[in-house]
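Data first, discussion second: the structure below is written as C-alpha cells.
Chain naming here is simple, since letters A, B, ... match the order of the sequence lines and numbering starts at 1 in each. Owing to the predicted nature of the structure, the values given are computational and were not obtained by experimental measurement.
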There are 2 protein chains.
Amino acid sequence: MKLREFAQQLGLSPTTVSRALSGYPEVSEKTRKRVAEEATRLGYRPNINAVRLATGRAGAIGVVMGRSGEFHFSEFMGGLAERLGTEDIDILVSPMDDKNPTGEIQLYSRLAVSGRVDAVIVHSPEPNDERIALLHKLGMPFLVHGRSDIDVPHAWLDIDNEGAIRRATSHLIDLGHRRIAMINGRQGRTFSLHRDKGYRDALQARGIAFDPRLVAHGNFTDELGFRFARSFLEQTPRPTAFVAGSMMTALGIYRAARSMGLEIGREVSVIAHDDVFPYLTADNMVPSLSATRSSMRAAGARSADLVLQLLSGRPTEEVHELWPVELILRESTAPPQGA
Amino acid sequence: MKLREFAQQLGLSPTTVSRALSGYPEVSEKTRKRVAEEATRLGYRPNINAVRLATGRAGAIGVVMGRSGEFHFSEFMGGLAERLGTEDIDILVSPMDDKNPTGEIQLYSRLAVSGRVDAVIVHSPEPNDERIALLHKLGMPFLVHGRSDIDVPHAWLDIDNEGAIRRATSHLIDLGHRRIAMINGRQGRTFSLHRDKGYRDALQARGIAFDPRLVAHGNFTDELGFRFARSFLEQTPRPTAFVAGSMMTALGIYRAARSMGLEIGREVSVIAHDDVFPYLTADNMVPSLSATRSSMRAAGARSADLVLQLLSGRPTEEVHELWPVELILRESTAPPQGA
DNA sequence: TTGAAAGCGATACCAT
DNA sequence: ATGGTATCGCTTTCAA
C-alpha cells in the first residue's frame, strides 16, 4: 500500500499522514493516534527508498569488514545492531579485500558517493590512515573505532590500549618477572603501536632493557600464539611471562607451554587482552586467565550512539571517547619460580 | 553530480546515458565506451536511492543476526560479502532479540514490507519455522541456511549434519567405544535434530543402547562444553568418547578432561564439528582434534550465489543444496583404553 | 540509435 | 491543524 491510498482510506491528505507518522508537532494528537492505529491495522509502511530519495538520508550506516576473519567482528556488530535496532537505521556490511588496499579506498568512495550510507565506521586504523583522509575529503561523517595520528579531524572511540598493557606489564614486573614476552597485534595498526608503547614504558620505568627478541606481531590467531610462544620459550633464558593481544593468542600460549611441560601460573605467567566473548571466557580457562578486559559489544553499542550524535550535528571534535580497561587478575599470573 | 548534468556535459540525453551505464543493448558501442570513460573521469555515480525507487529493487539482501554471539556468524558473513562484493548488492544486518521471538517475526515483516531488501537469509531454522512461513506468505524471496520440515517451499543450503555425525559416531564405535557422549547444539534447531539422528542411528546400527544421560544440548560455548563434559566424565562408568558440536565445545571438553587428569586421545576420544576458522584450527590443537569439517565461509559465499539465482528467477524448488562433510581423523581419537 | 516525458512514493514548502 | 504540489534522481515506455 502506498501513502496515497492509505491517506485516502483515512480521509486525510498524504501530507498530514506523513507528518503524523514522522512525529511532526503540528498534527493534532487525535489525528496522530488514529493514523498510527490504522497504519498498524492496515499494515501500511512507507517505502523506504522513496523516503531515502525524498529526504536525501540513507537511513543506514556502513561497516567495512576485513577478510581476515576477525572473531571480534560479530561482537562489535552485535552491539551496533542491538543499539541501532531501536532506531530505524540499517547496518550495511561491505567486504574489503585485505590483499588489495587500493580496493578499500575505492570501496569507501563508492559507499560515500553512491549515497547508500549516512556514515561509516572505520576499524583498526593506522597512524596515517588513508581511509580517514578520504572520508574527510568526501565529507562523509565517520567514526573511527580506534585512533589515528593523522592530521585530519576524526571522531573516535577507543580503549586505553597503552594504559592497559602498561598496567599488565607493570603488574608482571611487580610480581618479579624480568623476561616478559609480548605477542601483539598486526604490525602498523595504531592499537598495536599503543600496546607496544605501554609495554616499553612499563619496562623502562623499572629499568628493564627492551629486548626485541621478546616481541612479536601478527593476527590474533591461536596458531600464531602457539608458534610465537614456542619460539620464545625455546630461548635461553626463556621468558617467565607473556602479555598476549587476544584470547586466541592466549589459547596458543597455553598450548605451547603445555606442550613443553611448563605449567601456566607457576612456570609461565600470562595476561591477555579479553574483548569479552560469550563463547570463550577467561574465567573458565584452566588455569583461569588474568586479563585486561573491555567489552567489544559495548564498544559496538556505544559506537552506534556516537554515530547517531554525529549525524544529529554534534561536532566531530567533541566526539572522542577513551575507555579505561579493567585488569582482572586470576590464576595465570604468579611470581616467577625462584623469586 | 546527477544524471542530468552528466548527460549534458556529454551532449547526450539522460536516457541514453542511463542505458549505456546499465548495459542496455540498444546503445552504440562507441557511445557506451565514451559514457563509461567519462563517468570514471568525472566521478559520476547514480544515486542509489533514486535507482532503487525507480526500479523497485532494493539492491540489498538481509541477514538477521542473533544476539547470542555466534562466532561462526562473521565467517558466514565474510563469505557472503566476498561473493557479493563483485555485484552491486549490499548486505543488511538486522539485530534480532533472541529473548523475544515475536520481535523476530515483526522484524522480518518490516524487512519485507519496507522494501529495503530483495531477499533474506534465514539462519538456524527449526523444523516448523514461523519465519519461513511468514516470508513465504509475504512473497519475499529467501534462502534458508539449514533446513526445515515445514510444509512450505523454501530454497536451502545445508550441510549433511546427520551423515557427518553418523560417520563420526560410527568411527568411534569402530574404534571400540561404547559409551559415547554427545554435546549438541541448541535444542529444537533442525541441525541439532539431524545430528541427534545421526548419532542415534549410528548407535542403533551397532546395537548400542541410546542413553539420554550421555546427550546434552546448548549453545556452542567453551563453558557449556566444559560443564557438560565434566558432568559426563563424573558418571560411572564414564564415557570414553565425545562427539562435540563445535570447536568451542571441544575446547571445553579438552579442559574438562585435563582438569580431571584424563588424557585426550588416550583416555578420552573427541571428534568435533569444525566450521573452519582462521583463528582456531583443529590441526593445531594439542592433541590435534579429529573433526567433521565444512567451511562456513564457503557456505556464505555459496549462499550469495544461490540468492542471486533466486532473484534472477530460478524456481525455489530447484534451489536445494546438501553439502557432504569431511571427516578428518587426527590425534584426538583412538581406541578406548583396554580395548 | 537516441530523446521526451511520465512515473517510482515519499517529503516539505507554501497556502489556507 | 490540514492540504496542494513541486521535488528528490533515476528508469522506462513511447515516439521519432
If I take atom [atom1] in residue [X] and atom [atom2] in nucleotide [N], what distance separates them, rounded to the nearest angstrom?
| X | N | atom1 | atom2 | result |
| --- | --- | --- | --- | --- |
| A:N47 | C:dT11 | CG | C1' | 13 Å |
| B:R32 | C:dT2 | CZ | C1' | 13 Å |
| B:L53 | D:dG9 | CG | P | 12 Å |
| A:K30 | D:dA1 | NZ | C1' | 12 Å |
| B:N49 | D:dC8 | CG | C1' | 10 Å |
| A:R19 | D:dT5 | CZ | C1' | 12 Å |
| B:R116 | C:dA10 | CZ | P | 13 Å |
| B:L3 | C:dA5 | CG | C1' | 14 Å |

Quick one: label B:F6 by what it contacts on the DNA or RNA (base, sugar-phosphate, nothing), any heavy atom closer than 4.0 Å.
nothing
Applying a 4.0 Å non-hydrogen cut-off, can you work out what A:I48 is touching in the nucleic acid: base, sugar-phosphate, or nothing?
nothing
Per [X] side chain, nearest of listed nucleotides [options]:
| X | options | value |
| --- | --- | --- |
| A:V51 | C:dA10, D:dT11, C:dT2 | C:dA10 |
| B:S13 | C:dG3, D:dT11, D:dG3 | C:dG3 |
| B:T31 | D:dG3, D:dG9, C:dT2 | C:dT2 |
| A:R57 | D:dC8, C:dA12, D:dC10 | C:dA12 |
| A:Y24 | C:dT11, C:dA12, D:dT12 | C:dA12 |

Taking only the side-chain nitrogens and oxygens of [X], find out if one of them lies under 4.0 Å from OP1 or OP2 of [N].
| X | N | value |
| --- | --- | --- |
| B:Y44 | D:dG9 | no |
| A:S18 | C:dT11 | yes |
| A:S28 | D:dT2 | yes |

Pairing of [X] and [Y] as salt bridge, 4.0 angstrom limit:
| X | Y | answer |
| --- | --- | --- |
| A:R131 | A:E126 | no |
| A:R52 | A:D90 | yes |
| A:R41 | A:E38 | yes |
| A:R147 | A:D158 | yes |

Parallel under 30°, tilted from 30 to 60°, perpendicular over 60°: which one fits the rings of A:H145 and A:H123?
perpendicular
Measure distances between side-chain N and O atoms of [X] and base N and O atoms of [N], and say whether any donor-acceptor pair falls under 3.5 Å.
| X | N | value |
| --- | --- | --- |
| A:R52 | D:dG9 | no |
| B:T15 | C:dA4 | yes |
| A:R45 | C:dG9 | no |

Nearest-nucleotide comparison on DNA chain C, the residue closer to the 5′ end among A:R4 and B:T16
B:T16
Using heavy-atom distances to pick each residue's nearest nucleotide on DNA chain C, tell me which of A:A54 and B:E26 is more 5'.
B:E26
Verdict with supporting geometry, A:F277 and A:F71, ring pair (Phe, Tyr, Trp, His ring centres under 6.0 Å):
CA-CA 9 Å; A:F277 306 105; A:F71 51 90; 5.2 Å; yes
